[in-house]
Amino acid sequence: MSEKIYSPAEIELRIQQIWAENDAFRAHEDAAGEKYYCLSMLPYPSGALHMGHVRNYTIGDVISRYHRMCGRNVLQPMGWDAFGLPAENAAISNDTAPATWTYANIEHMKAQFKRLGFAYDWSRELTTCKPEYYRWEQLMFTRLMKQGLAYRKDSEVNWDPVDQTVLANEQVIDGRGWRSGALVERKSIPQWFLRITDYAEELLTGLDKLEAWPDAVKTMQRNWIGRSEGAEFCMTVCDENGVPDAANRQVTVFTTRPDTAFGMTYAVLAPEHPMLATVTTHERAAEVSTFVAEARLASEADRLAEASSERKRGVFIGAYLLNPFTGKPVPLYTADYVLMAYGKGAIMAVPGQDQRDWDFAVSHNLPIVRTVQPPADWQGGAWTEDGPAINSAWLNGLSVIAAKEKAIAWLEQRGMGERKVNYRLRDWGVSRQRYWGCPIPVIYCPQCGAVPVPEDQLPVVLPESVSFTGVQSPIKTDPDWRKTMCPQCGVAAERETDTFDTFMESSWYYARYCCPGAESQLDERAKYWLPVDQYIGGIEHAILHLMYFRFYHRLLRNAGLVEGDEPAIRLLCQGMVVADTYYQQTQDGAVRWINPADVEVKRDSRGKPLGAVRRSDGKPVTIGAVEKMSKSKNNGVDPQRLVDHYGADCVRLFSMFASPPDQSLEWSDSGVEGASRFLRRVWTLVMTHLEAGPCVPLDLAVLSQEQRDIRRLVHNTVAKVSDDISRRYTFNTAIAAIMELTNHLARFEDQSEQGRAVTQEAWLAVVRLMNPITPHICEELWSALGESKPLYAACWPEVDESARVRSQVTVVVQVNGKVRARLELEPGMEQDKAMAMALRDGNVQRHTAGKEVRKIIHVPDRLLNIVVG
RNA sequence: GCCGAAGUGGCGGAACUGGUAGACGCGCUGGACUCAAAAUCCAGUUCUGGAAACAGAGUGUCGGUUCGAUUCCGACCUUCGGCACCA
């Protein structure tokens with residue numbers, strides 16, 4: 001059994017086979033035990049695992065294995081978020097069907113997962129592109145239609161006029177289609193939406209109960225929902241003299257600052273505002289339509305980024321609005337800093353109290369009237385804080401809050417407006433004009449309109465054997481697929497050919513894992529496993545996915561399928577995996593990125609990098625920035641090669657050791673070497689310990705001081721590692737503590753009977769502490785140490801508190817806050833006694849000599865600060 | 001632009017509740033073993049001065065609170081994530 005050489009590949013494959021043969025990680029519903037559902041965000045099957053996957057799934061596996069050892073009934077499933085744009089791109093370049101490519105990737109990546117030794121219950125594997133999965137989300141959607149929670153409205157998309165297709169934001173590069181190069185247009189088409197805004201308030205207040213979610217995520221979600229209280233009111237369209245137009249048209253605006261309405265010096269309509277074209281005067285029409293056409297070219301994010309604080313773009317449209325508060329007309333503009341999607345798509349502009357309005361007013365020479373008195377020394381532009389109202393007639397002198405109330409009451413009394421809570425959150429657009437997605441289960445009847453596909457006709461199956469050219473969706477070009485009958489009146493009708501946003505699949509998969517094979521969307525098993533105890537995924541999902549996930553859980557709750565308001569109790573967001581970049585510049589100035597695996601870095605005698613050369617041709621390369629691993633920068637590291645070379649345990653160990661999980665992880669070849677060295681060292685040390693034969697049982701009564709010191713370290717380490725894994729998620733410090741203990745064990749050469757018994761206890765602890773991180777080598781060492789029960793079924797080590805008691809503590813002595821001595825004192829020493837001990841120290845004497853002691857700060861067992869003057 | 005993070009030795013990082021800055025690992029330097037190399041082991045390694053004891057400086061920048069600040073407060077700089085059709 002006890003091989004002398006550590007050979008990870010042989011051990012890992014053998015141990016993995018034992019796990020498989022014993023079905024070691026199969027989860028069963030068991031009402032008696034404490035359940036623990038540990039879920040990592042499911043991967044998109046892009047082709048091969050990358051380091052980001054390895055990191056994400058190792059974190060999940062460590063947490064799962066830890067809780068399993070603590071006796072909990074653990075569910076850790078895995079599946080595939082299999083619909084999506086990359087399959088269509090691959091289909092174009094490889095001339096395969098998206099399905100073929102996707103399934104091949106799944107097969108390959110599943111093998112890679114198995115090689116990494118993750119403790120998944122593969123019997124629950126799900127693949128979102130299969131009808132047996134997506135049929136249930138189609139069913140849910142048809143029910144939402146009937147409840148009015150799914151509805152259809154016109155909405156803008158990126159339109160490629162050459163390819164005659166809709167583009168994702170990602171496919172628009174500098175305003176042009178990625179394949180055709182044509183200037184992309186914004187086009188309005190009818191699309192399906194889910195009323196997530198009905199849940200805005202609940203999604204907002206629910207965040208307060210998510211105590212174990214990162215504050216950053218909760219803050220981002222709060223801001224995304226963007227609740228604001230204010231007023232909505234109407235203003236009449238008029239001419240420059242305040243004479244209302246013939247049709248008595250009204251523009252409705254939302255404002256959070258009705259108290260500042262007396263300072264309104266202009267108003268703005270969003271470029272997409274439906275009234276814009278008709279309100280614009282004949283003389284201004286040409287300029288306005290040019291501006292609108294330009295503004296609508298850019299995506300929202302680009303528009304907001306371009307609308308810099310210095311100069312805001314917009315044009316006067318020739319019309320005016322009557323300010324109800326002053327009875328005077330203000331000029332009406334259209335500007336790209338006003339979005340149709342927020343509020344009413346129209347604003348009253350008050351430059352005195354809003355910085356964006358201030359900037360616009362300055363660049364368009366519009367008047368500025370302050371209606372809140374800034375402090376006397378205020379030098380800046382808009383004053384957005386509190387202060388007494390000025391220039392505001394009957395509001396003068398009131399604070400912002402009081403003036404707001406009075407202004408709203410004034411509007412309501414006159415029936416001109418009302419108090420209004422507005423949310424930035426918008427309804428979820430779920431239509432995609434793409435092929436590789438779940439078909440939207442709707443039939444369009446010339447007589448009945450949009451009709452949900454009846455439940456007995458679901459699923460609407462997406463054909464998988466198609467030839468995909470990339471320009472049009474095969475189900476849009478195939479007239480036969482589309483042709484059907486109206487389920488209500490029986491006349492010829494057509495199917496919806498759009499598919500769902502892939503966030504639809506990833507919004508409920510967590511619940512489906514609980515009940516594989518259920519002949520409904522979910523069954524009772526979901527109520528046993530949910531909520532998810534621990535959810536793990538990338539921080540890039542902080543808003544969109546996690547908001548839809550929380551929303552969909554409420555839809556499932558309202559359908560009676562799950563209990564509780566929130567889908568996941570704890571959330572951990574891991575950072576990105578980054579690596580050095582290296583490049584060579586060719587004579588024509590082109591940059592050629594060199595993979596880190598092909599680069600050798602030269603260092604000086606202090607270890608500072610001097611330069612780098614490319615291994616394959618010996619030519620110098622330039623060291624670039626540290627960036628997210630990507631194909632474009634050629635700085636990706638293939639985990640498969642590392643697993644082949646160092647073994648799964650080593651790759652897992654490095655990815656957990658290099659940085660805390662929520663920060664970015666910097667790739668380092670030598671760091672992997674270090675992880676490998678540590679595993680070999682543990683292996684050799686345990687094998688050396690075993691060579692001396694079996695140990696006698698521990699006898700705590702007869703231990704020497706040194707033996708007690710080792711035991712104290714062992715039990716301190718058990719306590720620290722438990723806390724680091726379960727509460728702090730700082731796997732890096734857990735590993736550091738285990739390394740520290742290992743270093744002490746390597747120096748502890750006590751070959752006496754009790755010395756060896758202490759060593760045996762220590763190694764049994766180390767092997768269990770490391771097991772969640774490096775399970776293969778630990779399983780092997782565990783049985784080598786003489787344990788007959790497999791480690792995957794073993795218990796987490798217990799802390800012997802009596803072993804942790806200290807006989808001495810280090811107390812730092814400071815003089816005026818600077819460390820001057822360190823004393824070894826008995827625990828619990830009082831201030832006077834500690835002070836007397838401190839004054840015996842030569843260095844402390846030197847720094848206090850001839851000076852008056854003004855103050856003494858004593859933190860028992862830690863610190864004594866003597867303040868002298 | 002808006003929202004959210006991060007910034008500590010040559011490098012990744014540690015310091016958990018305001019109390020020893022630099023744990024652990026990498027790299028580097030020196031040594032042992034070796035014919036030699038690799039591997040392994042031992043010692044050193046924030047900077048400046050010093051043989052040492054020790055002293056001074058030091059956690060992106062500037063300022064503040066405190067006996068004491070990597071930690072709290074204010075302003076700024078840089079980098080990263082998200083911004084609704086990448087997932």
Side-chain angles (χ1 to χ4, degrees), chain A residues 41 43-44 46 81 84-86 157-158 166-172 214-217 219-220 222-224 226 299-301 303-309 312 337 341 356 425-426 428-429 431-434 501-503 506 538-545 547 573 575-576 578 601 603-609 625-628 654 657-660 662-675 677-678 680-681 684 723-724 727-728 730 732-733 735-740 743 746 810-814 816-819 822 842-843 846 854-857 859 862-863 865-867:
Chain A
M41 288 180 188
Y44 177 78
S46 53
D81 188 17
L85 193 56
V157 292
N158 302 311
V166 174
L167 299 177
N169 288 342
E170 188 185 61
Q171 297 170 314
V172 181
D215 288 334
V217 172
T219 307
M220 281 191 268
R222 265 185 208 110
N223 293 334
W224 188 258
S299 75
E300 238 168 68
R303 247 170 74 186
L304 290 170
E306 271 171 35
S308 74
S309 58
K312 288 194 161 53
Y337 78 99
R356 290 163 305 179
L425 182 71
R426 318 210 283 251
W428 176 12
S431 292
R432 297 293 179 270
Q433 296 68 42
R434 275 189 266 287
D501 176 8
T502 58
F503 277 127
S506 56
I539 184 69
E540 66 274 19
H541 296 293
I543 295 174
L544 291 180
H545 163 65
M547 188 77 77
C573 289
M576 297 174 306
V578 299
V601 178
R603 292 169 192 284
D604 71 5
S605 64
R606 282 191 136 134
K608 263 189 197 170
V626 176
E627 296 192 50
K628 181 176 179 171
F654 172 76
F657 179 60
S659 58
D662 52 349
Q663 284 177 33
S664 61
L665 182 151
E666 191 169 321
W667 186 257
S668 143
D669 283 334
S670 48
V672 182
E673 287 282 355
R677 194 176 303 158
F678 173 68
R680 284 200 303 273
R681 187 165 142 87
T684 310
D723 187 49
D724 283 354
R727 179 181 65 88
R728 296 182 64 210
T730 50
N732 55 329
T733 56
I735 294 165
I738 297 169
M739 286 175 166
E740 222 172 331
N743 291 342
T810 306
V811 174
V812 170
V813 182
Q814 298 181 335
N816 288 348
K818 282 189 186 294
V819 179
R822 290 179 175 83
N843 208 31
R846 230 188 2 267
R854 293 203 172 150
K855 197 170 178 180
I856 297 169
I857 285 112
V859 183
R862 299 193 78 161
L863 174 130
N865 187 11
I866 305 165
V867 183

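Every chain is numbered from 1 and lettered A, B, ... according to where its sequence line falls, protein lines coming before strand lines.
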Note, [X] side chain near [Y] side chain (heavy atom, < 4.5 Å):
| X | Y | value |
| --- | --- | --- |
| A:F654 | A:W667 | yes |
| A:I866 | A:V813 | yes |
| A:W428 | A:D501 | yes |
| A:V217 | A:C573 | yes |
| A:M220 | A:I539 | yes |

Name the closest nucleotide to the [X] side chain, picking from [options].
| X | options | result |
| --- | --- | --- |
| A:R846 | B:C54, B:G82, B:C67 | B:C54 |
| A:M220 | B:C24, B:A87, B:G4 | B:G4 |
| A:M576 | B:C85, B:G81, B:A55 | B:G81 |
| A:E540 | B:A5, B:G82, B:G25 | B:G82 |

Base, sugar-phosphate, or nothing: which does [X] touch, judged by heavy atoms less than 4.0 Å apart?
| X | result |
| --- | --- |
| A:F503 | base |
| A:H545 | nothing |
| A:W428 | nothing |
| A:N843 | sugar-phosphate |
| A:N743 | sugar-phosphate |
| A:V157 | base |

Separation of [X] atom [atom1] from [N] atom [atom2], in whole Å?
| X | N | atom1 | atom2 | result |
| --- | --- | --- | --- | --- |
| A:R356 | B:G1 | CZ | P | 14 Å |
| A:I539 | B:A5 | CD1 | P | 9 Å |
| A:H541 | B:C83 | NE2 | C1' | 15 Å |
| A:M547 | B:G4 | CE | P | 14 Å |
| A:D215 | B:G4 | CG | P | 12 Å |
| A:Y337 | B:C83 | OH | P | 25 Å |
| A:N169 | B:A87 | CG | P | 11 Å |

[N] and [M]: how far apart are their [atom1] atoms, nearest whole angstrom?
| N | M | atom1 | result |
| --- | --- | --- | --- |
| B:G18 | B:C72 | P | 7 Å |
| B:G12 | B:A36 | C1' | 34 Å |
| B:A15 | B:U8 | C1' | 10 Å |
| B:A75 | B:U65 | C1' | 15 Å |
| B:A69 | B:C62 | P | 16 Å |
| B:U78 | B:C24 | P | 36 Å |
| B:U59 | B:G4 | C1' | 23 Å |
| B:U34 | B:U45 | C1' | 26 Å |

When syn is taken as a glycosidic angle within 90 degrees of 0, is B:G50 syn or anti? anti
If you round to the nearest 0.5 Å, how far is [atom2] of [Y] from [atom1] of [X]?
| X | Y | atom1 | atom2 | result |
| --- | --- | --- | --- | --- |
| A:M739 | A:T733 | CE | OG1 | 12.0 Å |
| A:I735 | A:D724 | CD1 | CG | 10.0 Å |
| A:E666 | A:M576 | CD | CE | 11.0 Å |
| A:L85 | A:Y44 | CG | OH | 7.5 Å |

Any sub-3.5 Å donor-acceptor pair from A:N865's side-chain atoms to A:I857's backbone N or O? no
Polar side-chain atom of A:Q171 near backbone of A:A168 as donor-acceptor pair, under 3.5 Å: yes
Are A:R681 and A:N743 close enough that a side-chain donor and a side-chain acceptor fall under 3.5 Å? yes
Listed pairs, N/O of protein and of nucleotides 39-45 of chain B, under 3.5 Å:
{"residue": "B:U40", "atom": "OP1", "partner": "A:R680", "partner atom": "NH2", "Å": "3.1"}
{"residue": "B:C41", "atom": "OP1", "partner": "A:R681", "partner atom": "NH1", "Å": "3.0"}

Grab the two heavy atoms, one from [X] and one from [Y], that are nearest each other, plus how far apart they are.
| X | Y | answer |
| --- | --- | --- |
| A:S506 | A:H545 | O-CE1, 3.0 Å |
| A:V166 | A:V157 | CG1-CB, 3.7 Å |
| A:A658 | A:L665 | CB-CG, 4.1 Å |

Taking side chain to side chain contact (heavy atoms under 4.5 Å, CB included) as the definition, give me every residue that meets it alongside A:P43, ordered by chain and number, with sequence neighbours left out. A:H53, A:Y57, A:M78, A:W80, A:F113
Does [X] have a side-chain nitrogen or oxygen under 4.0 Å from the phosphate oxygens OP1 or OP2 of [N]?
| X | N | result |
| --- | --- | --- |
| A:R426 | B:A84 | no |
| A:K628 | B:U79 | no |
| A:N223 | B:G82 | no |
| A:S668 | B:C26 | no |

Check: B:C85 base within 3.5 Å donor-acceptor of A:Q433 side chain: yes
B:C67 base to A:R854 side chain: any donor-acceptor pair below 3.5 Å? no
When you check every protein heavy atom under 4.0 Å of nucleotides 12-23 of chain B, what one-letter string (B, S, -) results, 5' to 3'? BSSSB--BBS-B
Determine, for nucleotides 71-76 of chain B in 5'-to-3' order, which nucleotides have protein heavy atoms under 4.0 Å from the base (write B), from only the sugar-phosphate (write S), or from neither (write -). ------
Kindly write out the residues that satisfy ring-ring contact (aromatic ring centres under 6.0 Å, His included) with A:F503, not counting sequence neighbours, or none if the list is empty. A:Y548
Taking Watson-Crick and G-U wobble contacts under 3.5 angstrom, with | marking pairs to another strand and [ ] crossing pairs, the secondary structure of RNA chain B is written (((((((..(((......[....)))((((((.......))))))((((....))))..(((((..]....))))))))))))....
Quick check on RNA chain B: between A:S506 and A:K818, whose nearest nucleotide comes earlier from the 5' end? A:K818
On RNA chain B, check which nucleotide each of A:T502 and A:I543 is closest to and give me the residue with the more 5' one. A:I543
